[in-house]
There are 2 protein chains.
Amino acid sequence: MKLASEEFDRISKALADPQRRAILQKLAVTGKLNCSDVHAFFDVSQPTVSHHLKELSMAGVVQREKQGQFCYYHVKSETLTAYVAELQRRLGLVAVQVAPRAR
Amino acid sequence: MKLASEEFDRISKALADPQRRAILQKLAVTGKLNCSDVHAFFDVSQPTVSHHLKELSMAGVVQREKQGQFCYYHVKSETLTAYVAELQRRLGLVAVQVAPRAR
DNA sequence: TTAGCATTTCGATATCTATCTATCCATCAG
DNA sequence: CTGATGGATAGATAGATATCGAAATGCTAA
């Protein structure tokens, strides 16, 4: 999975907020939660949780699934994995893969 | 290398700004630059560059070295590597390492 | 349809921060 | 010492955003 520069920016910002990271981490360990569930874990208002979930969703690091009255969110590991890979690439933390020359 | 939660927060914030990431990336590929060098590469004022370098420095992702009149900055890969590892750990992107039981 | 809950949206506010100009401090060359 | 240059600091400002309470929307069940 390849990230566009714009997506990369958005993910970086999404991960910059501690509250949002906490929510994401909670989702990572519990698997799947709805907005109210998340709200129960943290000391912020429910609209704030909704806002953060939206940001995470827009960044593509969580997936939103509407099931009737509820809205379930779960982590999209592929995106996060791609983000980490891209971060490592940009910061020169990994050996650069050179594509074989076509001839 | 183990990162304190506070350091992790600071690094996340440091990496959230595109301009700062660009500076860091430039440092990563060139190895070592002073403030003026960095300034020459980007379209922001020298104080702004100084500010960003300070942020990066406070976050521990770059090292500052004063050499006479000049101030050289270079990437601290250990910190960045530790950051990425911690990020992966928190987001559940890696298998958890269990320490062997002492007996 | 109506009551009630889940979630989002709205509008406001306070804080944070990226950026600038102006200025100051330190070091080097003469 | 003096002027020039690298770099940091001070102070101001504009824009972003995390947060809230209130209201709107959407869905389910009775």
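Chain identifiers are assigned alphabetically (A, B, ...) following the order of the sequence lines, protein sequences preceding nucleic acid strands; residue numbering begins at 1 within each chain.
Nucleic acid contact class of A:His51 (heavy atoms, under 4.0 Å, all strands): base. Among the atoms of the strands shown, none is found under 4.0 Å from any heavy atom of A:Tyr72. At the heavy-atom level, A:Lys13 lies under 4.0 Å from the strands shown only through sugar-phosphate atoms.
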- Any chance you could lay out the side chain to side chain contact (heavy atoms under 4.5 Å, CB included) test for B:Ile23 and B:Leu33, step after step, and finish with the verdict? CA-CA 10 Å; B:Ile23 292 174; B:Leu33 295 173; over 6 Å; no

- Trace of the side chain to side chain contact (heavy atoms under 4.5 Å, CB included) decision for A:Leu15 with B:Ser12: CA-CA 7 Å; A:Leu15 296 182; B:Ser12 298; 5.8 Å; no

Working for side chain to side chain contact (heavy atoms under 4.5 Å, CB included), residues B:Leu80 and A:Leu87: CA-CA 10 Å; B:Leu80 286 173; A:Leu87 184 62; over 6 Å; no

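Cluster annotation: B:Val44 is connected to B:Phe41 through the hydrophobic network of ILVMFWY side chains, with a link wherever side-chain heavy atoms come within less than 4.5 Å.
Scanning residues 35-47 of chain A for heavy-atom distances under 4.0 Å to DNA chain C yields A:Cys35, A:Ser36, A:Gln46, A:Pro47.
In this view, B:Arg20 and B:His52 satisfy the side-chain hydrogen bond (donor to acceptor under 3.5 Å, both in side chains) rule, not counting sequence neighbours.
Protein chain A contacts DNA chain C from C:dG4 to C:dT9, reading 5' to 3' and using non-hydrogen atoms of the protein with a distance under 4.0 Å. Taking every nucleotide of DNA chain D with any atom under 4.0 Å from a non-hydrogen atom of chain B, the first and last of them, 5' to 3', are D:dT5 to D:dT9.
Scanning all heavy atoms of the two residues, the minimum distance from B:Ala14 to B:Leu56 falls at CB-CD2, 4.3 Å. The heavy-atom pair separating A:Gln46 from A:Cys35 by the smallest distance is NE2-SG, 3.6 Å. The shortest non-hydrogen separation linking A:Arg10 to A:Ala59 is CD-CA, 3.8 Å.
Nearest-nucleotide positions on DNA chain D place A:Gln19 closer to the 5' end than the other of A:Phe70 and A:Gln19. Place A:Glu55 and A:Lys66 on DNA chain D by their nearest nucleotides, and A:Glu55 ends up nearer the 5' end.
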Its dot-bracket string being built from Watson-Crick and G-U pairs below 3.5 Å, with | for another strand and [ ] for crossing, DNA chain C has the pattern ||||||||||||||||||||||||||||||

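Salt-bridge formation is not detected for the pair B:Lys26/B:Asp37: no Lys NZ or Arg NE/NH1/NH2 atom is positioned less than 4.0 Å from an Asp or Glu carboxylate oxygen. Looking at A:Arg89 and A:Glu86, a side-chain N of the basic residue comes within less than 4.0 Å of a carboxylate O on the acidic one, giving a salt bridge.
Taking OG1 of A:Thr30 as the reference point, atom CD of A:Gln25 lies at 10.5 Å (rounded to 0.5 Å).
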Report, one line per pair, each donor and acceptor closer than 3.5 Å where one atom sits in a side chain of residues 62-76 of chain A; sequence neighbours left out.
unit_1  : atom_1 : unit_2  : atom_2 : d
A:Glu65 : OE2    : A:His74 : NE2    : 3.2

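With A:Phe8 as the aromatic partner, A:Arg90 meets the cation-pi criteria of under 6.0 angstrom to the ring centre and within 45 degrees of the ring axis.
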